[in-house]
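Heads up: the structure comes next, in structure tokens.
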Protein chains: 2
Amino acid sequence: MVLKKESGLKIDEKELSRILRERNCKVTVPRIKILKYLLMNRVHPTAELIYREVKKELPKVSYATIYNNLNYFIENNLLKRIRLHKDYDIFDVGTHMHSHFICKKCNKVYDIPYEIHQPKKIKGHLITDMSVNFSGICKTCLKGKIKF
Amino acid sequence: MVLKKESGLKIDEKELSRILRERNCKVTVPRIKILKYLLMNRVHPTAELIYREVKKELPKVSYATIYNNLNYFIENNLLKRIRLHKDYDIFDVGTHMHSHFICKKCNKVYDIPYEIHQPKKIKGHLITDMSVNFSGICKTCLKGKIKF
DNA sequence: CTCCTTTTTTAGAACCATTCTAAATTGAGA
DNA sequence: TCTCAATTTAGAATGGTTCTAAAAAAGGAG
Ligand SMILES: [Mn+2]
Ligand SMILES: [Mn+2]
Ligand SMILES: [Zn+2]
Ligand SMILES: [Zn+2]
């Protein structure tokens with residue numbers, strides 16, 4: 001089962017259970033709500049945003065559960081941690097390969113189509129992952145339409 | 001003045017002062033000691049290692065001074081912050097373009113010669129920096145000579 | 001050199017993202 | 001339904017980094 005790429009789609013909780021079971025992941029209510037939020041809102045969220053949003057549906061959810069599940073999703077290759085900002089991490093769900101651009105002015109992160117071939121080995125090291133990150137000034141900031 | 005690439009070279013403190021003055025950086029004793037450590041020990045150190053090592057020469061140095069100067073060097077393009085580990089950052093001095101490989105087993109970071117062309121613009125965003133990061137299992141861990 | 005102003009340093013407190021603790025709950029299989 | 005391991009929870013703790021406020025140092029002017 002391939003994870004949907006688009007944001008804002010309705011995703012049935014039954015379908016989410018199936019995605020988890022396919023990967024031998026135990027299905028729990030908080031786990032489903034967190035994954036649902038990630039899949040339906042592809043905004044490179046912080047843990048804090050995920051916490052706030054999931055709490056709307058699940059008022060008793062704790063930060064420990066959010067972090068436990070984010071780490072759990074990462075171990076199970078459903079999620080990637082992105083460390084582009086100085087002070088916090090953001091998360092990116094889904095399997096499609098792409099790279100990121102971070103704007104030094106507004107700090108927004110943009111997806112960039114990924115085009116570079118990943119080598120199998122370099123200097124004797126086995127390569128299993130590769131990421132390409134760009135930074136600079138984003139289109140919007142270049143236009144000068146946003147003041148800082 | 002191009003920063004020396006090799007590790008372990010003796011670097012005169014007079015030369016360090018000159019490097020700083022060339023970039024209009026105020027010259028101070030802790031600043032020189034920190035830069036000296038970075039230039040003579042190219043091991044992708046943590047802030048904590050830098051603190052411990054500089055403290056040997058400058059017993060009264062504080063963490064605030066270490067962090068202030070690391071951030072100062074980054075602003076002045078003498079240093080890069082590398083965010084590959086989950087729990088801490090490491091630092092990399094010098095201007096030579098290269099990428100990094102991090103081993104998922106032993107967490108060691110290796111320099112990789114950098115080969116990819118950096119585009120000037122992508123999708124309307126102005127690109128000023130690019131980084132390529134690889135991860136996987138390093139040569140040493142593959143040989144199985146180190147136990148975990 | 002001395003004087004003056006600004007920047008830097010220092011010790012320690014504070015901050016804050018993330019993890020840990022220990023008890024309660026839940027899920028999935030028997 | 002029973003059982004047990006996995007998960008969740010509230011709140012405390014951790015640890016890397018930054019902040020605070022006072023002292024020291026750098027560097028320019030005279
Ligand atoms: Mn992305
Ligand atoms: Mn390096
Ligand atoms: Zn921007
Ligand atoms: Zn290794």
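In what follows, chains carry the letters A, B, and so on, assigned in the order in which the sequence lines appear, proteins first and then strands, with residues in each chain numbered from 1. The analysis underlying the following values was restricted to heavy atoms, covering all of them including side chains, and did not include hydrogens, waters or symmetry mates.
- Residue contacts shown for N69(B) are limited to sugar-phosphate atoms, with no base heavy atom under 4.0 Å away.
- Atom NZ of K55(A) is surrounded by more than 12 heavy atoms from other residues, nucleotides or ligands within 6.0 Å.
- Closest to the side chain of S62(A), from the set dA10(D), dT10(C), dT17(D), is dA10(D).
- With no hydrogens or angles considered, no side-chain donor-acceptor pair links H96(B) and D111(B) at under 3.5 Å.
- Computed from coordinates, the Y63(B) OH to dG15(D) P distance equals 12 Å when rounded to whole Å.
- Taking atom CG on L49(A) and atom C1' on dA17(C), their separation rounds to 15 Å, with Å as the unit.
- Checking the phosphate oxygens (OP1, OP2) of dA10(D), a side-chain nitrogen or oxygen of K60(A) falls inside 4.0 Å.
- Here dG16(D) presents its C1' atom at 11 Å from CZ of R83(B), a figure rounded to the nearest Å.
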Across nucleotides 20-30 of chain D, 5' to 3', mark each nucleotide with B, S or - according to how protein heavy atoms within less than 4.0 Å reach it. ------BS---
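- Between D87(B) atom CG and dG15(D) atom C1' the separation is 9 Å, expressed in whole Å.
- An OP1 or OP2 oxygen of dT9(D) is reached within less than 4.0 angstrom by a side-chain nitrogen or oxygen of T65(A).
- At whole-Å resolution of the value, NE2 in H85(B) and C1' in dG15(D) are 16 Å apart.
- Protein atom CG of N68(B) is 13 Å distant from nucleotide atom C1' of dA11(C), rounded to whole Å.
- Checking R81(B) against N71(B) by side-chain atom types alone, a donor-acceptor pair falls below 3.5 Å.
- Of the two residues near DNA chain D, Y72(A) and D89(B), the one whose nearest nucleotide lies more 5' is Y72(A).
- In this structure, the ring pair (Phe, Tyr, Trp, His ring centres under 6.0 Å) partners of H44(B), at least two apart in sequence or on a different chain, are H100(B).
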Given ring pair (Phe, Tyr, Trp, His ring centres under 6.0 Å), test F134(A) with H125(B) step by step and report yes or no. CA-CA 10 Å; F134(A) 301 97; H125(B) 310 311; 9.9 Å; no
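- Here dT17(D) presents its P atom at 11 Å from OH of Y88(B), a figure rounded to the nearest Å.
- Following rounding to the nearest Å, K55(A) (NZ) and dA10(D) (P) show an atom-to-atom distance of 7 Å.
- A side-chain donor from one of R31(B) and N69(B) sits under 3.5 Å from a side-chain acceptor of the other.
- Remark: Y67(A) engages no residue in a ring pair (Phe, Tyr, Trp, His ring centres under 6.0 Å) (not counting sequence neighbours).
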